[in-house]
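Here the structure is laid out as C-alpha cells; the discussion comes afterwards.
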Number of protein chains: 2
Amino acid sequence: MTTGTAADPGPAPASAPPSLRDLKKEQTRVRLHTAAVLLALDKGVHEVTVEEVAAAAGVSPRTFFNYYATKEDALVGADPSRTELLRDAVLARPADEPPAVALRATLTEHVLGLEKDPELWRMRRELALRSPELAARIAGAGDRLESALVEAVYTRTGTDPATDLATGLTARTAMAALRAAFHQHRVAGFSGSLLDRLDAAFDAAGLAPAPDSSG
Amino acid sequence: MTTGTAADPGPAPASAPPSLRDLKKEQTRVRLHTAAVLLALDKGVHEVTVEEVAAAAGVSPRTFFNYYATKEDALVGADPSRTELLRDAVLARPADEPPAVALRATLTEHVLGLEKDPELWRMRRELALRSPELAARIAGAGDRLESALVEAVYTRTGTDPATDLATGLTARTAMAALRAAFHQHRVAGFSGSLLDRLDAAFDAAGLAPAPDSSG
DNA sequence: GAGCAAACTTGCAGTCACTGCAAAACAAGC
DNA sequence: GCTTGTTTTGCAGTGACTGCAAGTTTGCTC
C-alpha cells in the first residue's frame, strides 16, 4: 500500500476476515454515501456541498475525499473496490464459459447486490428519478465499469483487442442491456422486477443466458 | 432566445444562411477546442487550465464558458448543437425505417463528420490515446448522445419506454458498437478505416445495415 | 498495559473550475 | 450616426479538490 489513506483497496488476501478497522471504514463509506443521497434528495444534487455531506456523516471534509474521489462518486456510491470485485468476478467464472455467459452471470449478481439493502436502494432509485444524468451510474453502469469489464473479457479470451472486435462489443452490449433495463425500470416507476427486465434485456440483446447460477 | 450568450442554439430556421456573426462564433468554438486539445497534448489534460486555453484562443476566460460548459467539454469538443443535430438526423430518417437502420445510418454519417477536418481529427485521436477516459467522448459516444438517441428512437416508434425495452436497447447497442469500434481503432494505432470497423461492429451487434445511404 | 508502527483523520493553505451580474465593446439594420 | 440586440469581459464569489504536515487511533508486541 502506497497511498496511506482510507481509499486503500483493503486487506491483501481475498479471504481475509474483515478487521475491525476495515469494518469501520466500510461503515464510514456507507454513511457518507447515504448522507450524500439523503441530502441530495432533500435539496437537490447541485445544492449539496461536500462540507454538508461530511458533517452529516460525522467526518471532516478532508476525510470525505479519503473515501470518494469526487462528490458525484459519493452520490452514486462509486466504490473502486466494487469495480475491481466485478472485474474479478468475471475473471473467476469458469474458463470455458463464453464471454456473454460470464458477463450475464456477473451482472445479474451485481444487480442482486444492488437490492441487498432495500432502504438504501429505494433512496438511490429516487435519486435516479430526480437526477437522470446519474441514473446509469446509480445502477452501477458507468464508464469505469464498462472499461473494466471490457478489459476483463479480453483477459479471459486472451485475444488481441486490436483484431478481436466481438469480445469487447459483447461486454459493451451487456452494459447497454443493464442501462436499458434500469432505464425502463425507472420510467416504469420502479414497478416490477429489475432482474426480470435485465433478463429480458440480455435476451433481446442476444446474450446467451447463464445456464445455472446456483452452482 | 433567452440566454443571451454565445451558447445559443443558433439561427432559428434550419436553412438560414450562416450570418457573419454565426461564422465567427463557430470559429471561436473551433479555436477553443483546438487550443484545448493542443495544450492537453503538450502538457497533459490535468495540467491545462481554462485560463491558458482561453488565452491561446484569444478570448477571456469568462468567454470560454460562453462556449463550453466545462473544460472537458472543450477538450472533447462537446457541442450541444451537434447532439441536437444527430437527434434531428435520426428523426429525419424515413418513417418506415426500423430504429436500427436509422441509427446505423446516422452514426455512420456522424463518424464521417469526425474525419472532416483531418488535422483536428488527428490531434483528437492522439488525445484519446493519451487520455483513454476521454476516448468515448472524443469519438462522440458519450452519455449525453446516448440519452438523446434513445429519446429520438422512442419518439420515432411512438412506443412507451416503460413497456418497450427493445427500442431503447437498440439505440444503446448502436452506441456500444461505436464505442467498441473506436476502442479497437485506438488500440490498433488508428490503422485501417474507422468506418470499416464501425460497419463490422454494427454487423456483429446484429444491427441491420442501412440499405443505401446515397439517396 | 506501555510502547511502537502503521493506518486513519484532520486542519491549513492553496489552486482552479465554474457562476451571476452588470458594464463595456461590438455588429447589424435603419 | 444612431439604435438595438448580441457578445465579450471584469469582478467577485462559491465550492470542489489537493498536498502536506501534524494529530489521533488501531493493532500488535513485549
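We name chains A, B, ... by the order of the sequence lines, and we start the count at 1 in each one.
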Check against side-chain contact (heavy atoms from CB on, under 4.5 Å), B:Glu51 and B:Phe64: CA-CA 8 Å; B:Glu51 198 178 344; B:Phe64 174 97; over 6 Å; no
Per A:Lys24 side chain, nearest of listed nucleotides C:dT9, C:dA27, D:dT25: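 Looking only at side-chain atoms, A:Lys24 lies closest to D:dT25.
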Out of C:dT10, D:dT8, C:dC8, whichever nucleotide has its closest atom nearest the side chain of A:Val59: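 Per side-chain heavy atoms of A:Val59, the pick is C:dT10.
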Return the value, rounded to whole Å, for the distance between atom [atom1] of [X] and atom [atom2] of [N].
X	N	atom1	atom2	answer
B:Glu52	C:dC16	CD	C1'	11 Å
A:Asn66	D:dT25	CG	C1'	14 Å
A:Glu26	C:dA7	CD	C1'	17 Å
A:Arg31	C:dC8	CZ	C1'	13 Å
B:Lys25	D:dG5	NZ	P	16 Å
A:Asp22	C:dC8	CG	P	8 Å

Check: B:Val37 main-chain N/O paired with B:Arg124 side-chain donor or acceptor under 3.5 Å: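 Checked: no pair found.
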Test item: B:Arg179 side-chain N/O and B:Ala141 main-chain N/O as donor-acceptor pair under 3.5 Å: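 Looks like yes, one N/O pair under 3.5 Å.
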A:Leu39 and its side-chain contact (heavy atoms from CB on, under 4.5 Å) partner, picked from A:Leu75, A:Val53, A:Thr49: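 The option that passes is A:Val53.
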Summary of protein contacts for nucleotides 12-23 of chain D, nucleotide by nucleotide, where a base hit scores B, a sugar-phosphate-only hit scores S (4.0 Å, heavy atoms): ----SBBBB---
Set of residues satisfying ring pair (Phe, Tyr, Trp, His ring centres under 6.0 Å) with respect to A:His183, sequence neighbours excluded: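 With sequence neighbours excluded, A:His183 shows a ring pair (Phe, Tyr, Trp, His ring centres under 6.0 Å) to no residue whatsoever.
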Test log, rule side-chain hydrogen bond (donor to acceptor under 3.5 Å, both in side chains), inputs B:Thr170 and B:Thr173: CA-CA 5 Å; B:Thr170 301; B:Thr173 303; 6.0 Å; no
Distance test, side-chain N/O of B:Ser60 to OP1/OP2 of D:dT9, below 4.0 Å: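 So the side chain of B:Ser60 is within the cut-off, an N or O lying under 4.0 Å from OP1 or OP2 of D:dT9.
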